[in-house]
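Accompanying notes for the structure given below.
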Amino acid sequence: MTLLANLNPQQYEAVTTDAKQTLVLAGPGSGKTRVLTQRIAYLVKEQNIAPYQILAVTFTNKAARVMRTRVETLLEQQLQDIWLGTFHSICARLLRRETNSLPYKPNFVIFDEGDQETLVKRAIRELNIDEKSYRPAGVLASISNAKNELLLPQDYPSRTYRDEVVRRVYERYQTMLVDNNALDFDDLLFVAVRLLRENPDICERYSRRFLHVLVDEFQDTNLAQYELLRLLASYHQNIFVVGDEDQSIYRWRGADYRNVLRFEKDYPSCRKILLEQNYRSPQNILDTARAVINRNPNRTPKHLFTQRGNGDIITLYEAVDDTSEAVYVVETIQQLVMGKRAQAADFAVMYRTNAQSRLLEEAFLRAGMPYRLVGAQRFYGRREVKDCIAYLRLVHNPDDEVSLLRIINVPGRGIGEKTMLSLTMAARQAHISLGQVLLDLGRNGDASPFWKDLSGRGAVMLADFGVLLGSWVEQRDKLSLPALFGRILQDVVYQEYIQDHSEEGEDRWGNVQELLKLAYEYQDRGLTDFLENLALVSDQDTLPEALDAPTLLTLHAAKGLEFPQVFIIGLDEGILPHNRSRDDPEQMMEERRLFYVGITRAKDRLYLVRAQRRSTYGSYEFSDASQFLDDIPSNLLKVQGASSASRRSTYSDYSSPSRVQANMPWNIPPAPPKPEPQQRYRAAMRVKHPAWGDGMVLDSRIVDGEEMVDVFFDSVGFKRLMASIAPLEVL
DNA sequence: GCGTTACATATTTTT
DNA sequence: TATGTAACGC
C-alpha cells in the first residue's frame with residue numbers, strides 16, 4: 001500500500017489514527033506536512049470520506065497550495081470540493097455565502113493593513129483625539145488584539161484612560177468599516193465566529209458538513225481562530241491539529257501557543273503524538289537547536305534525533321563590524337561555490353530585521369553575485385499598484401471611502417482639502433457614502449441636490465470625476481476585467497502620470513503592466529475574485545524561484561523552509577534578541593524560538609555570525625554577543641574571526657567586565673582534550689536492553705567524560721542512555 | 001492646491 | 001542614515 005509506505009511508527013499512527021481529536025506535536029523537519037497530506041489522502045481513499053466533507057486550514061497560501069498538490073498526487077485525482085485554504089480565505093468564502101445574515105453586502109471588500117491604518121487615522125481625527133499621544137498604528141494594534149480576543153467595542157475593558165480612548169476609536173472604526181462595506185483581516189475571523197455563534201442553524205449546517213477538520217501550524221492560531229475551529233468541528237468533533245510550540249513566532253500577531261494546552265484541556269480524550277525523528281539536519285545542528293530551546297519553560301520536551309550522524313561542527317564567526325560581517329558571508333559563499341563544494345542556491349542568509357539585508361545586498365553586489373531577496377519591498381505595497389487596485393476597488397464597491405480618498409486626486413485633478421471637506425459634509429448630512437454623492441453629481445450635474453453644497457470650482461471637478469466613476473461602474477459587468485482596467489488607466493491618463501521620464505517611472509509603469517497581466521489571468525473569474533485574491537494572497541507566492549543564487553530572508557520568512565547551508569547573522573544583544581523584547585520575558589522566549597527556527601532550517605551546515613560593532617541609525621555602536629550564544633555548548637562550536645585570534649580588541653574595554661568574564665565559550669581557550677573513555681558504541685550497532693528489547697544505536701559520544709548513547713528501540717522509540725550504567729548488550 | 005523644508009521615527013508582518 | 005509625514009509658505 002504505497003499510501004502508507006515509508007512512514008515511521010509515529011507518523012503512521014498520526015496518519016491512520018481513529019481518535020476523534022488528535023494533537024500532533026511535530027518537531028522541525030519531522031515530516032509534518034507529510035503527515036497532514038497523507039492523512040487527508042488516507043481519509044479519502046481508505047475511509048471513503050468525500051473531499052467536500054473535509055476542511056483543511058493553513059496559514060499561508062503557499063502551504064495550502066503545497067498541501068493540495070501533494071494530496072492530489074497521492075490520490076491521483078483532482079480535489080475539487082475540498083475546503084482547503086488559509087484561515088482568511090476560508091472565512092471570506094464562508095462570509096460571502098452568508099451575507100444575508102450579516103450587515104455587509106455581497107460585494108464587500110477586504111481592507112489590508114494600510115487601509116486599516118488610514119481608517120483608524122480618520123476615526124481618531126473625527127473624534128478629536130490627539131494623534132501625537134494616540135498614534136494610529138498603536139491604536140490599531142490594540143483594536144486588532146481586541147478582535148483576535150473576540151472582544152467587541154462594548155466588551156473592551158477600560159482599565160486606563162488609554163483603554164477608554166481605544167474603545168471609542170474601536171467603536172467608530174467598526175461602524176466606518178460597515179459603512180464602507182468592508183472587513184479588515186481580523187474581521188474575517190471575528191465576524192465568522194460571531195456568525196456561527198449567533199446562528200446555531202448556520203453553525204450546524206457547516207459543522208455537520210465537515211466530518212474532518214485538519215489544521216496546520218496550530219501553534220500560531222489566535223483565540224478567534226481557535227474558536228472558529230471549535231465551532232466548525234462542533235458537530236462531529238473530529239479535529240486533527242499539527243503544530244510545534246517551539247516554532248511559535250507570531251505572538252505579536254495574536255498567536256498564542258497556549259492554544260495547544262487549551263486543546264488538551266478542551267478535548268481531554270485527545271490523542272497526543274510526538275514526531276521527534278528529524279529528517280533534515282545532522283545531530284550537531286539538532287543539539288545546538290536543543291541547547292537553545294531547552295531554556296524555554298512551558299513546553300513539551302522533545303528529543304529530536306536523526307539517523308544522519310553528527311555532521312559538521314557549527315561555525316561561529318565574530319566580525320569586527322557589520323560591513324565585514326556581510327563580507328564574511330559573501331566571501332564564504334563565494335569560496336564554497338567556486339571550490340565546487342556547494343551550489344549558490346544551497347545558501348540562505350537569515351537575519352532578524354529587514355534593515356540588515358542592505359549591507360548584505362551591497363556586499364553581494366560588489367562581489368558580482370546574484371541573490372534572491374524574500375519579502376522586503378512588496379509588489380502589492382508599491383504605490384502605483386495600490387493606486388490601481390484602489391480604482392478597481394472603488395468601481396467594485398463605490399462605498400469604499402478609503403480607496404476613494406486614495407485616488408480622487410491621483411493623478412492630480414484639482415480636488416484638494418477644502419473641496420474634500422465640503423464633499424464629506426454633504427455626504428454625512430445625507431447619510432450616504434462619498435462615492436454615492438460623486439455618482440449623483442456625475443449623473444445629474446448641477447441638478448444634483450449636492451451641487452449647491454459645494455463651491456463652484458470644486459463642484460465641477462467632483463462632477464467630472466463622478467461622470468467617470470459612473471461610466472466605469474456601468475461598464476463593470478459588461479467589459480472584461482482587463483478591458484475595464486485598461487479603460488480606467490486610459491481615462492485618467494495614468495501612464496503619462498506615472499512615466500516621469502525617470503528610470504523609476506519606467507519601473508513603476510512596469511509594475512502596473514504586471515498587474516494588468518494578472519488581470520488577464522483573472523479574465524474568466526471576474527473582479528470580485530481578482531480583488532479578493534489581491535487582498536488575501538501575499539507576494540511571497542510571486543517570488544522568482546529557479547535562480548541559482550543565495551536566498552536572503554528574515555528569520556520569520558524562513559519558517560517552513562530548509563536550505564543545505566544556513567547563515568544566521570546579527571547574533572548580538574539588541575538584534576537577536578531584539579532590543580524591543582528585552583523587558584518582556586514572553587517576548588524574550590519568542591526571540592529564542594526565532595533563533596531556534598533559524599537553526600533548524602539547516603540541512604547540512606550552520607554558520608552563526610556576529611559583529612563587535614555595528615552602525616545603528618548612522619552612528620557606530622559596540623555590541624555584546626547575543627546571550628543565546630552562551631547556551632550553545634562550546635564543543636559544538638568552532639570559533640573564527642576577530643575574537644578568536646587575539647582578544648585585544650577595544651571591544652572588551654567598552655563592554656562591562658562582568659559580561660566579558662561570563663562564560664562565553666569562544667573566549668575560553670580550547671580546553672585541553674580530556675582523556676576520554678573508550679567509546680563502546682557506534683552508530684548503526686544493534687543492541688539489546690532487558691526492558692526495551694532490540695534497538696539501533698543512532699549516535700554515541702563522550703560528554704563530560706561519560707559516554708552518552710542515543711538508541712532507537714523498536715518497541716519504545718528513542719532513548720538517551722549513559723553507557724556506564726545502562727544494561728546494554730551489543731548484538 | 002502644491003512644493004518645500006523641518007522633524008520625528010526607527011521589529012518581526014502568514015492574511 | 002533614510003524615510004515618511006506634517007506644517008509652512010508660495
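So you know, we letter chains A, B, ... as the sequences are listed, proteins then strands, and number each from 1. In what follows, every heavy atom counts, from backbone to side chain, and hydrogens, waters and symmetry copies are set aside.
With a 6.0 Å radius and a threshold of 12 heavy atoms from other residues, nucleotides or ligands, Glu586(A) has its CD atom above the threshold. Within 6.0 Å of the CZ atom in Arg413(A), the count of heavy atoms belonging to other residues, nucleotides or ligands exceeds 12.
Taking every side-chain heavy atom of His556(A) into account, dT13(B) is the closest of dT14(B), dT11(B), dT13(B). Closest to the side chain of Glu131(A), from the set dT11(B), dG1(B), dA6(C), is dA6(C). Between dT13(B), dG1(B), dT11(B), one nucleotide has an atom nearer to the side chain of Arg253(A) than all others, and that is dT13(B).
Look at CZ on Phe87(A): it is 13 Å from P on dT15(B), rounded to the nearest Å. In this entry the distance linking CG of Leu553(A) with C1' of dT13(B) reads 14 Å, nearest Å. dT12(B) atom P lies 13 Å from atom CG of Asn579(A), rounded to whole Å. Rounded to whole Å, atom C1' of dT13(B) lies 13 Å from atom CG of Asn148(A). Distance, Tyr250(A) OH to dT12(B) P: 11 Å, rounded to whole Å.
Between Tyr607(A) and Phe567(A), the angle of the ring planes stays under 30°, which puts this pair in the parallel group of the 30/60° scheme. Note on ring orientation: taking the six-membered ring where Trp is involved, the planes of Phe628(A) and Phe595(A) are parallel (angle under 30°, cut-offs 30° and 60°).
Between dT11(B) and Asn354(A), no contact under 4.0 Å exists linking OP1 or OP2 to a side-chain N or O. Contact check, Asn533(A) against dT15(B): no side-chain N or O comes under 4.0 Å of OP1 or OP2. Within the 4.0 Å cut-off from OP1 or OP2 of dT13(B), at least one side-chain nitrogen or oxygen of Thr554(A) is found. Put simply, Thr419(A) has a side-chain N or O that comes within less than 4.0 Å of OP1 or OP2 on dG1(B).
A residue-by-residue look at Asp220(A) and Arg457(A) shows that Arg457(A) has its nearest nucleotide of DNA chain B further toward the 5' end.
Between Glu361(A) and Arg358(A), no side-chain nitrogen of the basic residue sits less than 4.0 Å from a carboxylate oxygen of the acidic one, so the salt-bridge criterion is not met. Ion pairing of Glu591(A) with Arg352(A) is present here, as a side-chain N (NZ or NE/NH1/NH2) and a carboxylate O approach within less than 4.0 Å.
Taking the side chain as every heavy atom from C-beta outward, Arg299(A) and Ile293(A) approach each other to under 4.5 Å. Here the side chains of Asn61(A) and Asn533(A) are not in contact, with every heavy-atom distance at 4.5 Å or above.
In this view, Asp184(A) and Lys147(A), Tyr173(A) satisfy the side-chain hydrogen bond (donor to acceptor under 3.5 Å, both in side chains) rule, not counting sequence neighbours.
Under 3.5 Å, the side chain of His578(A) and the base of dT11(B) form no donor-acceptor pair of N or O atoms.
DNA chain B lies under 4.0 Å from at least one heavy atom of each of the following residues of residues 107-125 of chain A: Glu113(A).
Residues Asp256(A) and Tyr226(A) have side chains that never bring a donor and an acceptor to within less than 3.5 angstrom of each other.
Shown here, dT11(B) is classed syn by the O4'-C1'-N9-C4 or O4'-C1'-N1-C2 angle, which is within 90° of 0.
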Show each protein N/O and nucleotides 2-10 of chain B N/O combination with a separation under 3.5 Å, one pair to a line.
from: dC2(B); atom 1: OP2; to: Asn409(A); atom 2: ND2; distance (Å): 3.3

